[in-house]
Amino acid sequence: MHNNFSQLNSEQKKAVTHTEGPVMIIAGPGSGKTRVITERIAHLIQLEIPPQNILALTFTNKAAKAMKNRIHKITENANAFSIWMGTFHSIFAKILRKESHIMGYTPYFTIYDNEDSVKIIRRIIKEFNLDKDMYNAKYVFARISFMKNNLVDSKQYNIDQDLIKQDLINKREEFKNIYTKYCNECHTSNAMDFDDLLLKTHELFKQNKNILEYYQSIFKYILIDEYQDTNKVQDAIIKQIGRKYQNVCIVGDDSQSIYSFRGANINNMLNFKMFYKSVKEFKLEQNYRSTQNIVNAANSLIAHNKNKIEKTIFSENENGNKIKILKYANDREEGDQISDIIAKNIVKNKKKASEYAILYRTNSQSKVLEDGLRKREINYKIFGGLSFYQRKEIKDVMAYLKLIINNNDNESLIRIINYPTRGIGPTTIERIRKTSEKKNQSMWQTLNSPLIEEINVQKKTKNHLTDFVQMMKKLLQLIDNNVFEIIEELIILTNIIQKLKEDPTDENINRVNNIGELVNSMKMFAERKKNNTLLDFINEVSLDESKDDEKTSQDYVSLMTIHQSKGLEFPYIYIVGLETGLFPSQKSIQESRLLEEERRLFYVAITRAINQVIVSHAKNRFRFGTITQSEKSFFIDEINPLFIEELTYKSKSISLNKKNQEWKKIKTPPKLENRNLRKITKGISHIIDLNINQKIIHNIFGEGIIKKIDNSNGNQKITVLFVKNGEKVLLTKFAKFKIIS
DNA sequence: CGGTAGAATATTTTT
DNA sequence: TATTCTACCG
C-alpha cells in the first residue's frame, strides 16, 4: 500500500493530490479521467479519510462498480466498498428510503419508470376528458419531467402566473391539474418516478435542517463525474450537501455534454467557479487514447461550437489513418457492407470482434446491422434499446413482485389484476379505482377491506375479485422468503407460464424463455450472502438497467447509440447514418442550442476510437415504413478535409452482383483493410441448416444438444436440451447461438 | 368480459 | 415497419 503516481502526468498528479476545497477538473476525451478519479479517491483513503465519508457520484452504476473494485485493489482497504458510490438516482433512493417517513412515504416505495408514468398520465387525460392531440401523454410527461428537473414542483407550478399564462395561450390550461393529479396518484401509490428521486431529496434537505446537517457531516469529500450532464436539481443538491466542508470536486468536459433533453445544463459546470470562492481548476488536455488524426478531426469539428470552455486537446500518439467516409445507396446496403468489412477483418485479418463498435444516432438503426452481422455469423451485442427489464412479460412479473413489496402501488395492480385474464375487465377496474379515490386510499386497500362489497359489480365478477385477493394474500405472506422461492410460488399461483404455453405462438415461446431467464437471475440473486431480499432485487433492477453478467471473456462487436458509448473506447469505431435530418436530427436543425449538442454528440462518437474512425451515410433510408431520401450530413463537411477521405460504394442492384461492385475513389486512393469484396451469401429465410444431435452454444443457456427441428410455417423452431438449463424451444430467427459441432 | 381486427402512432437520445 | 391502442362483436 504505497502511492504510485509515477504513471500520471504532472497535471493529473496535481488533480489527484489537491484534495482540499472546491476543485474543477476539465477532462478531455481519453485524458485518463477515470484513472484520475480512482487515484484521487484511493489517495483520500490512504490519507486516512474513512471511506464512508466519501461520496462519489457517477453516471452509471456499472462505472461505479468498476471504480470501487479498482480503488479496493489500489488501497487494499477492505472498507473501500463502503464509499458512497453510485448514480445520483441510486444514492438518493437509498437516502430517501431511510428518511421516507418524513416525506410521507414508506421505505418500500416503488420506483416508476417512464412507461409507468406515461400510462398514469394517459389515464388522467382520459379521465379529464381532454383532447388527446392537445394533451399528448408523452409530451405532458416530458413537461412534468422538465419542471421537476428545474425544481418546479406541482405546488409551485400552480402559483406561477407566468407558467399558467403560457399554458393558457397554448390552450393547455389543464396542464397544472394533470401535473397535480399525477403527483397525487404517485403519492397514494407510494411511488416515486425517476425525477422524484432527485426532487424529493432536494425537498428533504431543504425542509429538514437536522437531516441536511447529518448528511453534510457524513459527506466530507464529494466527487461528481460527468458534471456537464447534471441538471438543476442535481446541482442544487450538491450545493446543499457540499456547503459545510466545500470539498467538492467536479469532473467533466463541456464538449461532451449530451443530455440536455434530460435537463442537463452545461452552465452548471461553467458557473461552478462563480459559486465557490476559491476553485482550483485543472485541465487534462493530452489525449492518450486516439491517433493524432482522430484528435485533430474532432477538434476541427467542435470548433464550430460557440458555447464552450477553451482548451487544447492534443495527442502524441502516431498520426494514424484518415477518417473514412463511406457512401451507400441505402440503409440495407450500409448495414450489409459494413458488416462485410468487419467480418472480413475478423476472418482474414484475425481482428477480434471486440475491437469493433458500431455507433448510431437512433436505436432503430441497429436492425440492418444486426441482419448483416448475423448473416455472416459474427458475434454481436446490442446495448440498450429494449432492455430486458422493459419487456412486457418481465414487467408483468415484476409488477407482481412490486405489489408484494408495496401493496399500494396502483399502477402495478392495474397491470396485473387481469393478467393472466381472470374475468376482471376495464369496467370493474374503473369502479375499484373510483371507490378507492373517494376514500382516498389505494386500490389494494379497498379490495382488502369490507369496502370490496360496495363495488358495484355482478356476483360472478365479485367472486373473481375475492379469488384475486386470496391469491395475492398468499403471495404477500412470502415477502420474507428468498426471492427464488417467491418467484417459483408466483408462477404456480398465477399460472403465467402455463397460460403462455397453452398458446405456443413464436412470441409466447420467447416470453416463456425470458421469464425463465428472470427466474434464473433471481435464483442467482437468492444465493448472495447479503442484500438478497426481494426489496434489494427490485431496487437493483429499477435503477440499474445494465444487469450485464460481467463475463468479459465474450468476444463480440458492440452495437449501441452514441449516448451509450459515453466513456467507452474501441480500436475501430463505425459511425453510421450521417445524414442531415437523422444526424443531426431534424428537430435540432432549427435551434442552435440543440444543434451544438448534436455536434458534441458527433464529437463524442469520434473520440471513442483508438485507431480508426469510419463514418457512413446512405442516400435512401427506410423510415416510418417509407423510403426517405437524404443528403450527407453537413457535420462531415465541418471536419477539416485534411483529416478525412471520402469513398463511394458502387452497386447497380441491391442484390449486390459481384461484377457491379467496386470502390470508386473520390479523393485519395482507398486504403481500406479489405479491398476485395465478395459476393454475399443470399437468402433471408430463417431456416438454418441444422441436424439432430448437433451441439450448439447459446448466449444465455450455454451448451446444449438439438433434439428436435421443426421447419413448418417458415419459422424454424428447435428443441434443445441444455446441459445446465434443461430443455428449451428456440426460434432460430431470434435465438443467438453458435454451432459447435 | 374476452378476443380480434383494424386504427393509430412513432423515431432522438436515458437514469 | 413494428408496436400499441381502440372499437366492436360474440
Side-chain angles (χ1 to χ4, degrees), chain A residues 57-64 86-93 111-115 117-119 122-123 126 132-133 136-139 142 145 148-149 192-198 226 229-231 233-234 257-264 331 359-368 383-387 389-392 417-430 457-458 460-461 464-465 503 507 541-546 560-566 577 581-589 594-595 597-598 600-602 604-605 621-628:
Chain A
L57 297 170
T58 57
F59 199 72
T60 63
N61 284 309
K62 205 172 154 190
T87 59
F88 275 87
H89 291 85
S90 65
I91 296 286
F92 296 150
I111 297 169
Y112 283 157
D113 66 16
N114 290 356
E115 192 196 330
S117 301
V118 171
K119 277 190 170 171
R122 192 171 289 139
R123 260 205 315 276
K126 206 171 172 185
K132 268 196 311 186
D133 295 324
N136 174 299
K138 281 198 172 160
Y139 170 82
S145 176
K148 286 184 178 176
N149 284 322
M192 298 200 194
D193 65 18
F194 285 137
D195 304 316
D196 285 334
L197 296 177
L198 307 174
E226 310 280 10
D229 281 324
T230 55
N231 58 35
V233 209
Q234 292 170 322
S257 168
I258 53 176
Y259 280 91
S260 77
F261 68 92
R262 200 164 97 186
D331 56 335
L359 310 182
Y360 34 78
R361 180 68 243 267
T362 64
N363 275 311
S364 57
Q365 288 168 259
S366 68
K367 201 176 166 284
V368 284
F383 291 77
L386 239 255
S387 94
Y389 287 101
Q390 287 173 315
R391 286 165 199 269
K392 215 187 302 169
I417 191 168
N418 199 33
Y419 180 82
T421 51
R422 45 173 82 89
I424 305 172
T427 332
T428 309
I429 294 174
E430 191 51 29
V457 286
Q458 289 183 334
K460 208 170 151 194
T461 320
H464 292 148
L465 280 179
D503 175 25
E507 210 184 6
V541 302
S542 310
L543 290 169
D544 187 10
E545 296 291 347
S546 62
M560 63 185 91
T561 64
I562 301 168
H563 283 88
Q564 285 166 334
S565 75
K566 184 160 118 167
L582 179 63
F583 193 13
S585 78
Q586 196 57 49
K587 283 184 184 165
S588 68
I589 291 174
L594 297 177
L595 190 63
E597 172 143 328
E598 294 278 305
R600 290 193 294 268
L601 199 53
F602 192 25
V604 168
R621 182 172 294 277
F622 214 80
R623 290 178 87 189
F624 321 106
T626 47
I627 292 169
T628 51

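Below, read A as the first sequence line, B as the second, and so on, with proteins coming before strands; counting in each chain starts at 1. The shown structure was predicted, so the numbers you read here are calculated from the model rather than taken from an experiment.
- A:Asn363 places no side-chain N or O within 3.5 Å of a backbone atom of A:Thr561 that could act as its donor or acceptor partner.
- Proximity note for A:Gln564 (side chain, C-beta onward) versus B:dT15, B:dT14, B:dC1: the nearest is B:dT14.
- Regarding A:Asn114, its CG atom lies at a distance of 16 Å from the C1' atom of B:dT11, rounded to whole Å.
- Summarising the geometry, the separation between CZ on A:Arg623 and P on C:dT1 is reported as 16 Å, rounded to the nearest angstrom.
- Using a 4.0 Å heavy-atom criterion, one finds that A:Thr427 contacts the sugar-phosphate atoms exclusively.
- For B:dT13, the base is stacked against the aromatic ring of A:Phe261, per a cut-off of 5.5 Å between centres and 30° between planes.
- A residue-by-residue look at A:Gly425 and A:Phe88 shows that A:Gly425 has its nearest nucleotide of DNA chain B further toward the 5' end.
- In this structure, the CZ atom of A:Phe622 is 17 Å from the P atom of B:dT11, given to the nearest Å.
- Residue A:Glu597 is out of contact with every strand shown, counting any heavy-atom pair closer than 4.0 Å.
- The residue A:Tyr259 sits close only to the backbone: its heavy atoms come under 4.0 Å of sugar-phosphate atoms, none of a base.
- Per the geometry, OH belonging to A:Tyr112 stands 24 Å off P belonging to B:dT14, to the nearest Å.
- In the model, A:Thr461 has no side-chain atom that pairs as donor or acceptor with a side-chain atom of A:Gln458 under 3.5 Å.
- Picking from C:dT4, B:dG3, B:dT11 the nucleotide with the shortest atom distance to the side chain of A:Thr421 gives B:dG3.
- Using a 4.0 Å cut-off, no side-chain N or O of A:Asn149 falls inside it from OP1 or OP2 of B:dT15.
- Between A:Arg391 atom CZ and C:dT3 atom P there is a gap of 11 Å when expressed in whole angstrom units.
- For A:Ile258 and B:dT12, the CD1 to C1' distance is 12 Å, given to the nearest whole Å.
- A:Phe261 and A:His563 have perpendicular rings, their planes meeting at more than 60° on a 0 to 90° scale where under 30° would count as parallel.
- In terms of phosphate contacts, A:Asn363 brings no side-chain nitrogen or oxygen within less than 4.0 Å of OP1 or OP2 of B:dT11.
- Taking side-chain N and O atoms only, A:Arg422 has no distance below 4.0 Å to OP1 or OP2 of B:dC1.
- Contact annotation: A:Thr561 side-chain N/O to B:dT14 OP1/OP2 distance is under 4.0 Å.
- Nearer the 5' end of DNA chain B, as judged by each residue's closest nucleotide, is the contact made by A:Lys587, out of A:Lys587 and A:Thr87.
- In this structure, A:Arg122 contributes its side chain and A:Ala137 its backbone to no donor-acceptor pair below 3.5 Å.
- Residue A:Arg262 has its side chain nearest to B:dT14 when only C:dA2, B:dC1, B:dT14 are considered.
- In this structure, A:Arg600 reaches neither bases nor backbone, as no heavy-atom distance under 4.0 Å exists between it and the strands shown.
- Of the candidates B:dT11, B:dT14, B:dT15, B:dT11 carries the atom nearest the A:Phe624 side chain, counting heavy atoms from C-beta on.
- One cannot find a donor-acceptor pair under 3.5 Å joining the base of B:dT15 and the side-chain atoms of A:Asp195.
- Residue A:Thr60 places none of its side-chain N or O atoms closer than 4.0 Å to OP1 or OP2 of B:dT15.
- Between A:Phe59 and A:Thr87, the shortest heavy-atom contact is O-CG2, 3.4 Å.
- When the P atom is compared between C:dT4 and B:dT13, the two are found 15 Å apart, to the nearest whole Å.
- Residue contacts for A:Lys138: at a heavy-atom cut-off of 4.0 Å it reaches the sugar-phosphate backbone alone, with no base atom in range.
- Side-chain contact between A:Glu597 and A:Ser588: absent, with no pair of heavy atoms (C-beta onward) separated by less than 4.5 Å.
- Looking at A:Arg422, its side chain does come within 3.5 Å of a backbone N or O of A:Ile417 through a donor-acceptor pair.
- Taking every side-chain heavy atom of A:Arg361 into account, B:dT13 is the closest of B:dT13, C:dT4, B:dG2.
- To the nearest angstrom, P of B:dT12 lies 19 Å from CG of A:Leu359.
- With rounding to whole Å, A:Ile424 atom CD1 is found 8 Å from B:dG2 atom P.
- Looking at heavy-atom distances under 4.0 Å, A:Thr428 makes contact with sugar-phosphate atoms alone, never a base.
- A:Asn231 comes within 4.0 angstrom of nothing in the nucleic acid, heavy atoms only.
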